[in-house]
*Asks:* 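Quick one: the structure is below, and I'll ask about it shortly.
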Amino acid sequence: MDARFTTLLGPFLKLAGPEEPVITPDTDLRRLGVDSMQAIELLFVIEDTFGISLPDDELNDATFATAGSLWRAIRAQLPDEAGDRADDQETP
């Protein structure tokens, strides 16, 4: 996952507790506070940050279920070179 992605997720994880969580592909976004309203706000931040637009068929609960599922949807919209570079910047 891209470091920009994990950084932008932080403010949306309201139920994560006082310590900064380690975001992994399995991080359950719903459990940490990303409800439907937060998902809409998160979508706008993602689209602005990465200069992409997620297709309508990706705007569903499954996409926003985990950090990994959301990152896969984002990566699919990135130009090949940017997606490859982002994969090289894996975070724990």
Side-chain angles (χ1 to χ4, degrees):
M1 291 186 296
D2 186 297
R4 293 179 298 167
F5 172 66
T6 57
T7 299
L8 72 81
L9 276 180
F12 292 92
L13 306 179
K14 302 292 185 198
L15 303 178
E19 296 180 17
E20 185 174 322
V22 174
I23 299 172
T24 69
D26 294 328
T27 297
D28 184 333
L29 299 180
R30 298 284 182 216
R31 188 177 62 77
L32 294 179
V34 179
D35 61 17
S36 58
M37 293 303 291
Q38 290 270 341
I40 292 168
E41 292 178 35
L42 178 56
L43 173 65
F44 292 142
V45 171
I46 287 167
E47 291 183 339
D48 287 345
T49 299
F50 291 98
I52 61 169
S53 181
L54 291 179
D56 290 344
D57 62 338
E58 292 289 346
L59 305 180
N60 57 55
D61 286 338
T63 298
F64 286 83
T66 66
S69 60
L70 183 53
W71 175 245
R72 283 188 296 278
I74 294 166
R75 189 179 62 205
Q77 300 307 309
L78 294 173
D80 287 340
E81 184 177 316
D84 292 342
R85 190 171 52 247
D87 285 342
D88 293 340
Q89 299 174 6
E90 292 286 328
T91 56

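Just so you know, these numbers use all the heavy atoms, side chains as well, and skip hydrogens, waters and symmetry mates. Keep in mind it's a predicted model, so treat the numbers as computed, not measured.
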*Asks:* State plainly whether one hydrophobic cluster holds both L59 and L78, where clusters connect Ile, Leu, Val, Met, Phe, Trp and Tyr through side-chain heavy atoms under 4.5 angstrom apart.
*Replies:*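 Yes, one cluster joins them.
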*Asks:* Do K14 and Q38 come within less than 4.5 Å of each other through their side chains, counting heavy atoms only?
*Replies:*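 Of all side-chain heavy-atom pairs linking Q38 with K14, at least one is under 4.5 Å.
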*Asks:* May I have all residue pairs that pass ring pair (Phe, Tyr, Trp, His ring centres under 6.0 Å) and include part of residues 29-62, sequence neighbours excluded?
*Replies:*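 Counting only pairs at least two positions apart or across chains, the ring pair (Phe, Tyr, Trp, His ring centres under 6.0 Å) contacts touching residues 29-62 are F50-W71.
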*Asks:* How long is the gap from OG on S69 to CG on D26, to the nearest 0.5 Å?
*Replies:*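 CG of D26 is found 10.0 Å from OG of S69.
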*Asks:* Of all residues at least two apart in sequence or in a different chain, which pass the ring pair (Phe, Tyr, Trp, His ring centres under 6.0 Å) check with F12?
*Replies:*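 Ring pair (Phe, Tyr, Trp, His ring centres under 6.0 Å) check on F12 returns nothing, list empty.
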*Asks:* Any donor-acceptor pair under 3.5 Å linking the side chain of T27 with the backbone of L29?
*Replies:*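 No, the answer is negative, given that no donor and acceptor are paired below the 3.5 Å cut-off.
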*Asks:* Considering non-hydrogen atoms only, spot the tightest contact between A67 and L9 and give its length.
*Replies:*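 Looking at all heavy atoms of both residues, the closest pair is CB-CD1, 4.0 Å.
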*Asks:* Output every pair passing salt bridge (Lys or Arg N to Asp or Glu O under 4.0 Å) with a member in residues 31-49, not counting sequence neighbours, ordered by first then second residue.
*Replies:*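 Non-adjacent pairs meeting salt bridge (Lys or Arg N to Asp or Glu O under 4.0 Å): zero.
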*Asks:* Which residues satisfy the ring pair (Phe, Tyr, Trp, His ring centres under 6.0 Å) test with F64, sequence neighbours excluded?
*Replies:*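 Applying ring pair (Phe, Tyr, Trp, His ring centres under 6.0 Å) to F64 gives none.
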*Asks:* Can you tell me which residue among I23, T49, I74 is in a side-chain contact (heavy atoms from CB on, under 4.5 Å) with F5?
*Replies:*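 Result for side-chain contact (heavy atoms from CB on, under 4.5 Å) with F5: I74.
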*Asks:* Which residues satisfy the side chain to side chain donor-acceptor pair (under 3.5 Å) test with E58, sequence neighbours excluded?
*Replies:*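 E58: side chain to side chain donor-acceptor pair (under 3.5 Å) contacts with T63.
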*Asks:* Going by heavy atoms in the side chains, are M1 and P25 under 4.5 Å from each other?
*Replies:*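 The answer is yes; the side chains approach within 4.5 Å.
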*Asks:* Tell me, yes or no, whether the heavy-atom count around D57 atom CG, taken from other residues, nucleotides or ligands under 6.0 Å, exceeds 12.
*Replies:*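 Check passes, neighbour count above 12.
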*Asks:* Hey, any chance V45 and L13 share a hydrophobic cluster, counting ILVMFWY side chains that come within less than 4.5 Å of each other, even indirectly?
*Replies:*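 As far as the 4.5 Å side-chain criterion goes, L13 and V45 are connected within one cluster.
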*Asks:* Can you sort out the partners of R30 under side chain to side chain donor-acceptor pair (under 3.5 Å), two or more places apart, ordered by chain and number?
*Replies:*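 D61.
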*Asks:* Less than 4.5 Å apart, side chain to side chain, heavy atoms only: is that true for L42 and L70?
*Replies:*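 L42 vs L70: side chains touch.
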